[in-house]
Every structure is written in C-alpha cells, then in structure tokens.
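In the text below, chain A, chain B and the rest are named by the order of the sequence lines, each starting its count at 1.
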There are 2 protein chains.
Amino acid sequence: MTEHERPARTRRRGEELLTAIRAAVLAEVAETGLGRLTMEGIAKRAGTAKTSLYRRWSSPQEVLLDAIHAEHPQETVSPGSDDLRGDLIRALRQLVDWMRSPSAEAAGSIVAERVRHPELARALYERVFEPRGGRFTLTVLRHYAEQGRIDPRLITPVVADIGEALVFKYAMDTHQVPDDAKLAEIVDQAVLPAVGIGPDRPESAAKP
Amino acid sequence: MTEHERPARTRRRGEELLTAIRAAVLAEVAETGLGRLTMEGIAKRAGTAKTSLYRRWSSPQEVLLDAIHAEHPQETVSPGSDDLRGDLIRALRQLVDWMRSPSAEAAGSIVAERVRHPELARALYERVFEPRGGRFTLTVLRHYAEQGRIDPRLITPVVADIGEALVFKYAMDTHQVPDDAKLAEIVDQAVLPAVGIGPDRPESAAKP
DNA sequence: GATTGAAGATACGGCAGCGTAGCTTAAACT
DNA sequence: AGTTTAAGCTACGCTGCCGTATCTTCAATC
C-alpha cells in the first residue's frame with residue numbers, strides 16, 4: 001500500500017515498465033472496481049505518465065486485459081498418491097490459494113460486470129479460467145475413475161462443479177475463503193457422496 | 001427500455017414518485033453498474049429533477065438502499081406434498097425466478113462491490129437475503145427431516161448450500177439461469193446424494 | 001560518443017457529474 | 001379560495017477524467 005513510489009530517478013523501459021503497469025492495473029481494479037478504472041489512476045499508481053499508457057493501449061480495460069493475459073497459466077494438480085479424499089481437498093486448496101491472489105479479485109470484478117464488458121469476460125475465461133483447468137476437482141475425479149475406484153458415469157458436469165461451487169458460495173457469503181477444515185467438510189459432505197462414497201458409508205465400501 | 005417518459009404533464013408526489021425513483025435506480029444499477037451509479041442518471045431515468053433526489057437522499061447508494069429496503073420480502077416455500085425431490089426442485093426454481101428479477105441484478109452488483117460499499121452489502125443481506133430465507137432448500141430439507149425421511153445429522157450448513165451454490169455457479173459460468181432439467185440434475189446428482197439418497201440407491205431405500 | 005526512440009512531464013479544451021441556489025408551479029390541505 | 005408544501009426547472013462553479021500535443025530527457029543501440 002506504500003506503492004506510491006516517487007519518480008525513482010531511474011527511467012524504466014520495456015518489460016520492467018510493463019510489469020509495473022500490470023501490477024498497478026490489478027491493484028487499481030481491486031481498489032476502485034472495474035467501473036471506476038481510469039487511465040489516470042493506473043498511471044499515478046504505476047508512477048508513469050498517461051502518455052506512456054496511451055502509447056500502448058487505448059482504454060483502461062485493455063490495460064487490464066493485458067495484465068490478465070500476462071498472468072502465466074499455472075500448472076494443474078497432480079493427483080498424487082492413492083488418496084481420493086486428500087487429493088480432492090488439495091485440489092480445492094489450489095483454488096482457494098488462487099482466490100487469495102490480487103488477480104482473483106480483479107477477476108471477480110470482471111465477472112460481476114460481464115454484462116458491461118463482454119470482451120473482458122470472454123478473455124478472462126479463455127485466457128485464465130480454461131487454461132488453468134477451471135475445474136480443479138474434475139482432474140482428480142477423472143483420475144480415480146480411470147483407476148476404477150469411482151463409477152465414471154457419476155462424473156457429470158454437475159458433480160464436477162460441486163466443490164468449486166461450494167467454495168465460491170462460502171466466499172460470497174462470508175467474504176473470506178474457506179480454511180482446510182471447511183474444505184474437508186465440503187469434500188466429505190458434498191463431493192464424496194455424489195460419487196457414491198458415504199457420508200454414512202466408509203470409503204472402502206465404495207467398490208466391493 | 002422506452003422509459004424515458006416526457007414530463008407527462010402530471011406532477012407526481014409522495015409514494016407515486018418514490019416508486020418511480022426506486023424502479024429507476026434499480027434499472028440504472030443494472031445497466032451502468034454500481035460503480036457508475038449517479039444522481040443525474042437516476043433523475044433522468046425517473047423523469048424527475050436532481051433536486052428532488054437530494055431532498056431525500058445524499059448519494060446514489062442511499063437511493064439504492066432505499067429501493068432495496070422497499071422490496072417486500074417475499075414469502076418462503078411451503079414444502080407441500082410428500083415429494084422431497086419435487087419440493088427441492090421447486091425451492092430452487094423459486095431462487096431462479098428471483099434471479100430473473102431486476103433487483104437480483106442489482107443485488108449482484110452490490111455483492112461484487114461489497115469491498116467498496118460494506119454498508120450496502122450489509123443492508124442487502126439483512127433486508128433481502130436473510131428475511132427471504134436465503135437458503136431455499138434448507139426449509140425443505142428440515143421439513144423432511146422432521147418427518148423422519150432423512151437423517152437430521154446430515155443437514156449441515158454445507159449440505160444446505162449445495163443446491164444454491166450450484167445454481168449460482170451455473171449462472172456465473174453460462175450467464176443464464178438453469179432451466180428445470182438442470183435443476184433436476186442438481187437435485188438428483190448433488191443434493192439428494194448428500195442426504196443419503198442415491199444416485200445409485202432408489203429413494204425408497206433411504207429409510208428402511 | 002553520437003544517434004535514435006521511447007519515457008516522462010506539462011498543458012490543453014472538452015465533457016460529465018457534483019452539490020447548491022433561486023425560482024416557478026402544481027398538488028394537497030384548511 | 002387561499003395557503004402551504006414539495007416537485008420541477010435552470011443555472012452555477014467545481015472537480016476528475018478524457019484524449020492529444022509538445023517538449024525534454026534518459027537509455028539502449030550503433
């Protein structure tokens with residue numbers, strides 16, 4: 001929050017400058033919201049001049065788009081050991097970790113205003129959500145289905161969304177991300193039952 | 001969308017005027033977003049003068065707050081016949097019906113910008129979500145738990161949220177509300193399994 | 001070390017929303 | 001009918017952001 005660096009006497013160029021601008025626009029949209037995102041605000045926060053922004057982009061939204069684009073799509077989960085429950089929790093924890101990042105808040109603003117900025121929303125889905133997997137638990141579920149531990153016919157679009165949906169709902173209601181205990185509840189009480197494992201049946205009873 | 005009524009030559013007062021203003025602010029926030037909500041915009045759409053707005057409220061947000069406040073909390077579901085599955089679908093359909101309303105879109109804008117306008121978000125939850133029940137399926141689940149048809153211990157906060165969470169997720173992803181077929185999938189594949197009723201077990205096998 | 005190109009600073013007219021003031025006029029009340 | 005109240009206009013100076021132009025200055029390149 002003490003970002004308002006003075007001219008710093010070194011003149012940044014190329015990638016160094018771009019990085020600062022991208023960080024600035026993400027911070028700016030998180031603070032002011034997409035509706036109040038402005039070239040002057042971005043410039044001020046990045047410690048650069050409006051001119052330098054207009055040299056590359058023509059609107060604050062395009063600056064944001066660039067920043068989102070530049071966010072490297074991270075690698076997806078590796079369903080490691082033979083531990084369905086643990087892998088599901090880890091998958092959701094990956095989602096939660098991302099939700100803490102600055103770009104996640106920006107993503108939220110975009111989704112909320114998608115009616116006003118359809119291109120932005122589309123770019124967000126194409127460049128961030130889909131490459132990232134989007135469905136974190138799905139990877140895990142498929143893995144164990146291939147191993148014959150759960151019935152593949154149970155892995156429907158709805159079932160693949162249960163975990164993520166509950167994480168989002170929890171974040172929406174409480175305005176904080178679920179901790180590990182909550183993730184465990186979600187997995188135990190909602191995801192696992194949907195693929196035929198308990199709450200009342202022990203795991204081992206799933207595939208006799 | 002042809003709201004821009006000319007002065008109409010009759011001068012509205014009191015409740016009649018208030019109603020028009022409330023409708024205007026809801027439409028305005030749906031169209032421009034909460035971040036771009038403005039007194040002038042509301043006034044123009046309501047066909048009134050800025051002066052009349054400032055006479056009662058001091059910011060566009062307070063006008064919106066008033067409009068939300070004035071939205072009567074609607075009655076909740078009556079878990080009617082002896083049909084758990086049908087009642088669950090009906091409960092979710094109630095949610096979906098609300099999500100089509102103009103105030104729902106306004107509510108979405110507020111939730112999205114809750115960081116910027118905490119009072120608005122709080123008012124929304126206190127005056128709209130909580131009185132409305134907030135949890136649509138919960139009412140139904142409790143009803144059948146009292147009748148001994150499902151195990152009360154299974155009705156946890158997580159389980160009570162499954163249906164609503166999936167409806168929201170679907171709306172977020174596709175930007176349209178789920179139809180009845182989708183609601184049925186949600187109930188069959190996610191909600192019912194969580195309260196111990198198959199996908200693989202028939203309903204009747206739930207309480208032997 | 002000279003050249004070139006982009007970064008940075010400053011200034012501009014234009015527009016939109018702000019919040020207030022002063023006034024006219026229609027509607028409600030007595 | 002006369003009075004009171006609020007709705008409806010218009011206009012004001014102020015501010016923030018717009019997009020552009022101009023000029024200086026630093027940094028990379030040759």
Side-chain angles (χ1 to χ4, degrees), chain A residues 3-25 27-67 70 109 113 116-117 120, chain B residues 3-25 27-67 70 109 113 116-117 120:
Chain A
E3 315 293 72
H4 304 288
E5 331 232 304
R6 284 290 64 215
R9 93 186 36 191
T10 72
R11 179 174 292 189
R12 298 159 303 179
R13 280 207 164 200
E15 209 53 41
E16 189 191 355
L17 178 61
L18 282 177
T19 306
I21 294 176
R22 288 180 187 131
V25 68
E28 194 73 8
V29 78
E31 186 173 310
T32 70
L34 186 54
R36 294 216 160 279
L37 192 60
T38 167
M39 283 300 214
E40 300 215 340
I42 300 168
K44 193 164 294 178
R45 188 183 291 262
T48 186
K50 257 198 306 178
T51 326
S52 307
L53 295 183
Y54 278 107
R55 206 167 277 137
R56 298 175 199 266
W57 306 278
S58 62
S59 74
Q61 285 77 29
E62 292 194 24
V63 186
L64 180 59
L65 205 54
D66 185 314
S109 294
E113 303 240 10
R116 258 86 60 190
H117 304 274
L120 263 181
Chain B
E3 314 294 72
H4 303 288
E5 333 231 306
R6 284 290 62 216
R9 92 188 36 192
T10 71
R11 180 176 291 188
R12 297 160 303 179
R13 279 207 168 202
E15 209 54 40
E16 188 190 355
L17 178 63
L18 283 177
T19 306
I21 293 176
R22 289 180 186 131
V25 67
E28 194 73 7
V29 77
E31 186 173 309
T32 69
L34 186 54
R36 296 215 158 279
L37 193 60
T38 166
M39 283 299 214
E40 302 218 345
I42 301 168
K44 194 164 294 178
R45 188 183 290 263
T48 185
K50 257 196 308 178
T51 325
S52 307
L53 294 183
Y54 278 107
R55 206 166 276 137
R56 297 175 198 266
W57 306 280
S58 61
S59 75
Q61 286 77 29
E62 291 193 26
V63 186
L64 179 59
L65 204 54
D66 186 313
S109 294
E113 303 241 12
R116 256 84 63 190
H117 305 274
L120 263 182

Query raised in the report: Which residues pass the salt bridge (Lys or Arg N to Asp or Glu O under 4.0 Å) test with B/Arg22, sequence neighbours left out?
Result: B/Glu15, B/Asp66

Requested in this report: Decide yes or no on side chain to side chain contact (heavy atoms under 4.5 Å, CB included) for B/Arg36 and A/Arg116, but give the supporting numbers first.
Outcome: CA-CA 11 Å; B/Arg36 296 215 158 279; A/Arg116 258 86 60 190; over 6 Å; no

Requested in this report: With sequence neighbours left out, write down each residue that passes side chain to side chain contact (heavy atoms under 4.5 Å, CB included) with A/Thr51, or none if nothing qualifies.
Outcome: A/Ala49, A/Arg55

Which atoms of nucleotides 15-19 of chain D (N or O only) lie under 3.5 Å from a protein N or O atom, and what are those distances?
unit_1 : atom_1 : unit_2  : atom_2 : d
D/dC17 : O3'    : A/Thr38 : OG1    : 2.7
D/dC18 : OP1    : A/Thr38 : OG1    : 3.1
D/dC18 : OP1    : A/Met39 : N      : 3.3
D/dC18 : OP2    : A/Thr38 : OG1    : 2.6
D/dC18 : OP2    : A/Met39 : N      : 3.2
D/dC18 : OP2    : A/Glu40 : N      : 3.2
D/dG19 : OP2    : A/Tyr54 : OH     : 2.4
D/dG19 : N7     : A/Lys50 : NZ     : 3.1
D/dG19 : O6     : A/Lys50 : NZ     : 2.7

Query raised in the report: What closest approach, in Å, do A/Ile42 and A/Ala24 show between heavy atoms, and which atom pair accounts for it?
Result: O-CB, 4.0 Å

Requested in this report: Figure out the CD/C1' separation between B/Gln61 and C/dG17, and round it to whole Å.
Outcome: 13 Å

Requested in this report: With sequence neighbours left out, write down each residue that passes side chain to side chain contact (heavy atoms under 4.5 Å, CB included) with A/Thr38, or none if nothing qualifies.
Outcome: A/Glu40

Report task. Would you sort out whether A/Leu17 and A/Arg56 count as a side chain to side chain contact (heavy atoms under 4.5 Å, CB included), showing the intermediate values? Result -> CA-CA 12 Å; A/Leu17 178 61; A/Arg56 298 175 199 266; 4.2 Å; yes

Query raised in the report: Angle, rounded to 10°, between the helical axes spanning five pairs at each terminus of the helix from C/dG1-D/dC30 to C/dT30-D/dA1?
Result: 30°

Report summary line: The reported gap from OG in B/Ser52 to CE in B/Met39 (rounded to nearest 0.5 angstrom) is 11.0 Å

Query raised in the report: Looking at CG of A/Leu64 and CD of A/Gln61, how far apart are the two atoms once the value is rounded to the nearest 0.5 Å?
Result: 7.5 Å

Requested in this report: Take atom CH2 of B/Trp57 and atom C1' of C/dC18, then tell me their distance rounded to the nearest Å.
Outcome: 18 Å

Protein-nucleic acid N or O pairs under 3.5 Å, nucleotides 4-7 of chain D:
unit_1 : atom_1 : unit_2  : atom_2 : d
D/dT5  : O2     : B/Arg13 : NH2    : 2.7
D/dA6  : O4'    : B/Arg13 : NH2    : 3.4
D/dA7  : OP1    : B/Arg56 : NH2    : 2.3
D/dA7  : OP2    : B/Arg55 : NH1    : 3.2
D/dA7  : O3'    : B/Arg12 : O      : 3.3
D/dA7  : N7     : B/Arg55 : NH1    : 3.1
D/dA7  : N7     : B/Arg55 : NH2    : 3.2
D/dA7  : N3     : B/Arg11 : NH1    : 2.9

Query raised in the report: So how far is it from A/Leu53 CG to A/Ser59 OG, rounded to the nearest 0.5 Å?
Result: 11.0 Å

**Report entry** Spacing of A/Glu28 atom CD and A/Leu34 atom CG [to the nearest 0.5 Å]
**Finding:** 11.5 Å

Report task. Give the rounded distance in Å between these two atoms: CG of B/Leu18 and P of D/dG8. Result -> 11 Å

